[in-house]
Amino acid sequence: MQKTITLHIDDHLLSKAKARAKQEHTTLNARFQEWLKDYVHRPETLMDYERLMSELNYARPSRHFTREEMNER
C-alpha cells in the first residue's frame, strides 16, 4: 500500500528539481522513493561497515610501506 504525503518546498527548488528529473528521464516521485530507501538503509550499511572495521582492528602492518609499494599493481 502506498501513502500520499505533502511536502513544503521552495518554488525555485521544485522547478530545478523537476527540470533535472526530466533530463534524467525520471520523476521526482521516483527519485524521492530512491532517496527514502537509501535513507532508511543507510544506518544498516554504516553499522555493517563499522562492524567490519571493528573485526579487522587486529590487522596492523609490520612496517611502514613506501608510496611506491602502496601504489604497486
Side-chain angles (χ1 to χ4, degrees):
M1 169 186 264
Q2 292 193 350
K3 299 284 184 176
T4 300
I5 64 169
T6 301
L7 300 172
H8 297 275
I9 302 171
D10 178 74
D11 289 339
H12 182 70
L13 181 61
L14 180 59
S15 295
K16 290 180 78 170
K18 283 182 177 181
R20 182 169 175 178
K22 187 175 182 178
Q23 285 178 332
E24 296 173 348
H25 306 287
T26 190
T27 64
L28 285 181
N29 186 55
R31 286 292 186 210
F32 182 73
Q33 286 188 34
E34 289 172 15
W35 173 82
L36 196 57
K37 287 176 188 174
D38 182 53
Y39 180 74
V40 168
H41 295 306
R42 187 174 302 147
E44 293 172 12
T45 304
L46 179 59
M47 288 176 13
D48 289 344
Y49 171 78
E50 289 175 345
R51 188 177 312 114
L52 175 63
M53 290 297 104
S54 176
E55 290 172 8
L56 296 176
N57 193 27
Y58 69 89
R60 298 276 183 242
S62 59
R63 63 183 177 85
H64 179 70
F65 292 93
T66 65
R67 174 179 285 174
E68 291 77 20
E69 288 174 322
M70 290 193 302
N71 291 320
E72 209 172 76
R73 294 182 192 244

(message) Working to the nearest 0.5 angstrom, can you tell me the gap between R20 CZ and R31 CZ?
(response) 7.0 Å
(message) Using 0.5 Å steps for rounding, measure from the CZ atom of R63 to the CD atom of E69.
(response) 4.0 Å
(message) Taking side chain to side chain contact (heavy atoms under 4.5 Å, CB included) as the definition, give me every residue that meets it alongside R51, ordered by chain and number, with sequence neighbours left out.
(response) M47, D48, E55
(message) Main chain of D11, side chain of S15: is a donor-acceptor contact present, judged purely on distance under 3.5 Å?
(response) yes
(message) My understanding is that a hydrophobic cluster links ILVMFWY residues whose side chain heavy atoms are under 4.5 Å apart, including indirect links. Using that, what else belongs to the cluster containing L13?
(response) I5, L7, I9, L14, L28, F32, W35, L36, Y39
(request) Please write out which residues are connected to M70 in a hydrophobic cluster, directly or through intermediates, given that two of Ile, Leu, Val, Met, Phe, Trp, Tyr count as joined at side-chain heavy-atom separations below 4.5 angstrom. (result) F65
